[in-house]
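Below is one structure, written out as structure tokens, with a few remarks after it.
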Amino acid sequence: MDSAQPAVRIDSLEKRYASGTLALKGVSFDVEEGEFFGLLGPNGAGKTTLISCLGGLTTPTGGRILVRGMDTRTDRRAASLFLGIVPQEITFDPFLTVRETLRFQSGYWGILRNDDWIDEILANLGLTDKADASMRALSGGMKRRVLVAQALVHKPPVIVLDEPITNLDAKLREEMILEIQMIQQNIGTTIIYITHDQEAALQLCDRIAI
């Protein structure tokens, strides 16, 4: 990758749905390598649409997205390898253990026998003692940590966190904020933090787009 290339470039992005709704209009910004970047906006502002475009789930109707120089439209597979997206919704197979969940996620990326890395992720997220616990036995806060762990299994250089502390109580909220900070410090990723929580954005982010 060109050293001058940002980690993520959103260039004149537009998305109009078949219904005629214009969700994104001319959105442009860069996220630099190693940056903790916040994207702040109220519900309905188009944040989820932007993440869907970034992750390749939705095709923009204009503009482009580059992830480490790879166009998400023309080089979708290459771009996706650079991304780990932590969704807002918590969905798991309830009959798998935490470790099995992460092994399955690794398999989606064609990665086998990476238990050493999985152990490191579990330790960084305070999940080591839950490795063999069933997903259905975890609290909501623990399940959210597993979502973050899933996004890290293929060692992506860019992590996208979509409202990671939504609906958490005050104690879990503070714990999750500390863990997010620890992820960047220990793993050295670029983080894009999507939120409507201004207080959290100001506490965590190096730079914020509104």
Side-chain angles (χ1 to χ4, degrees), residues 5-92 140 143-144 147-148 150-152 154 156-168 173 176-177 179-181 183-184 189-210:
Q5 183 75 41
V8 175
R9 170 161 287 168
I10 308 292
D11 182 16
S12 303
L13 193 67
E14 295 200 2
K15 176 61 183 178
R16 186 182 295 275
Y17 289 100
S19 64
T21 299
L22 184 62
L24 299 170
K25 181 181 179 182
V27 178
S28 297
F29 59 85
D30 287 350
V31 181
E32 303 302 330
E33 285 286 332
E35 188 172 27
F36 201 129
F37 185 88
L39 190 61
L40 179 65
N43 294 332
K47 301 188 302 298
T48 298
T49 298
L50 190 148
I51 294 307
S52 296
C53 292
L54 180 60
L57 299 176
T58 297
T59 302
T61 47
R64 63 177 184 161
I65 301 174
L66 302 177
V67 183
R68 290 190 139 197
M70 296 294 174
D71 193 305
T72 57
R73 186 179 296 182
T74 59
D75 300 299
R76 180 173 295 182
R77 174 66 179 174
S80 67
L81 286 168
F82 291 136
L83 287 170
I85 296 180
V86 182
Q88 186 175 347
E89 298 80 14
I90 297 177
T91 56
F92 295 107
K143 287 177 180 176
R144 199 168 290 278
L147 281 178
V148 175
Q150 279 188 307
L152 293 170
H154 62 294
V158 180
I159 300 294
V160 181
L161 302 172
D162 187 6
E163 301 281 8
I165 60 175
T166 297
N167 299 325
L168 298 182
R173 182 181 185 277
M176 197 67 191
I177 285 174
E179 284 157 11
I180 291 167
Q181 291 171 324
I183 288 168
Q184 191 182 39
T189 56
T190 301
I191 294 179
I192 301 176
Y193 184 83
I194 314 296
T195 186
H196 65 271
D197 186 331
Q198 181 175 330
E199 180 183 349
L202 291 172
Q203 181 177 351
L204 286 166
C205 301
D206 303 321
R207 204 159 52 97
I208 298 171
I210 299 175

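The first residue in the sequence is number 1, and the count goes up from there.
- Qualifying side-chain hydrogen bond (donor to acceptor under 3.5 Å, both in side chains) partners for Asp30, counting only residues two or more places apart in sequence or in other chains: Arg9.
- Partners of Thr61 by side chain to side chain contact (heavy atoms under 4.5 Å, CB included), not counting sequence neighbours, listed by chain and number: Glu14, Lys15, Arg16.
- Not a single donor-acceptor pair under 3.5 Å links the side chain of Gln203 to the backbone N or O of Ala200.
- Judged as a salt bridge (charged side-chain N to carboxylate O under 4.0 Å, His left out), and not counting sequence neighbours, Asp206 has no contacts.
- Sorted by first then second residue, the salt bridge (Lys or Arg N to Asp or Glu O under 4.0 Å) pairs that include residues 39-60, not counting sequence neighbours, number zero.
- Partners of Asp71 by salt bridge (charged side-chain N to carboxylate O under 4.0 Å, His left out), not counting sequence neighbours: none found.
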Could you pull out all donor-acceptor pairs under 3.5 Å where a side-chain atom in residues 76-86 meets a protein atom, sequence neighbours excluded?
{"from": "Arg76", "atom 1": "NH1", "to": "Gly56", "atom 2": "O", "distance (Å)": "3.3"}
{"from": "Ser80", "atom 1": "OG", "to": "Arg76", "atom 2": "O", "distance (Å)": "3.3"}
{"from": "Ser80", "atom 1": "OG", "to": "Arg77", "atom 2": "O", "distance (Å)": "2.7"}

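- With sequence neighbours left out, Thr21 forms a side-chain hydrogen bond (donor to acceptor under 3.5 Å, both in side chains) with Ser19.
- Listed by chain and residue number, Leu40, Ala201, Leu202, Cys205, Ile210 satisfy the side chain to side chain contact (heavy atoms under 4.5 Å, CB included) test with Ile208 (two or more places apart in sequence, or in another chain).
- Judged by distance alone, the side chain of Thr190 and the main-chain N or O of Val158 form no donor-acceptor pair under 3.5 Å.
- Qualifying side-chain hydrogen bond (donor to acceptor under 3.5 Å, both in side chains) partners for Thr49, counting only residues two or more places apart in sequence or in other chains: Tyr17.
- In this structure Arg64 satisfies the salt bridge (charged side-chain N to carboxylate O under 4.0 Å, His left out) test together with Asp11, sequence neighbours excluded.
- Applying the ring pair (Phe, Tyr, Trp, His ring centres under 6.0 Å) rule to Phe29 yields the partners Phe37; only residues at least two apart in sequence or on another chain are considered.
- For Leu204, the side chain to side chain contact (heavy atoms under 4.5 Å, CB included) partners are Phe36, Ile177, Gln181, Tyr193, not counting sequence neighbours.
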- Message: Run the side-chain contact (heavy atoms from CB on, under 4.5 Å) test on Leu13 and Ser28 for me, step by step, so that the C-alpha distance in whole Å, both residues' side-chain angles and the decisive distance to 0.1 Å come before the verdict.
- Response: CA-CA 6 Å; Leu13 193 67; Ser28 297; over 6 Å; no
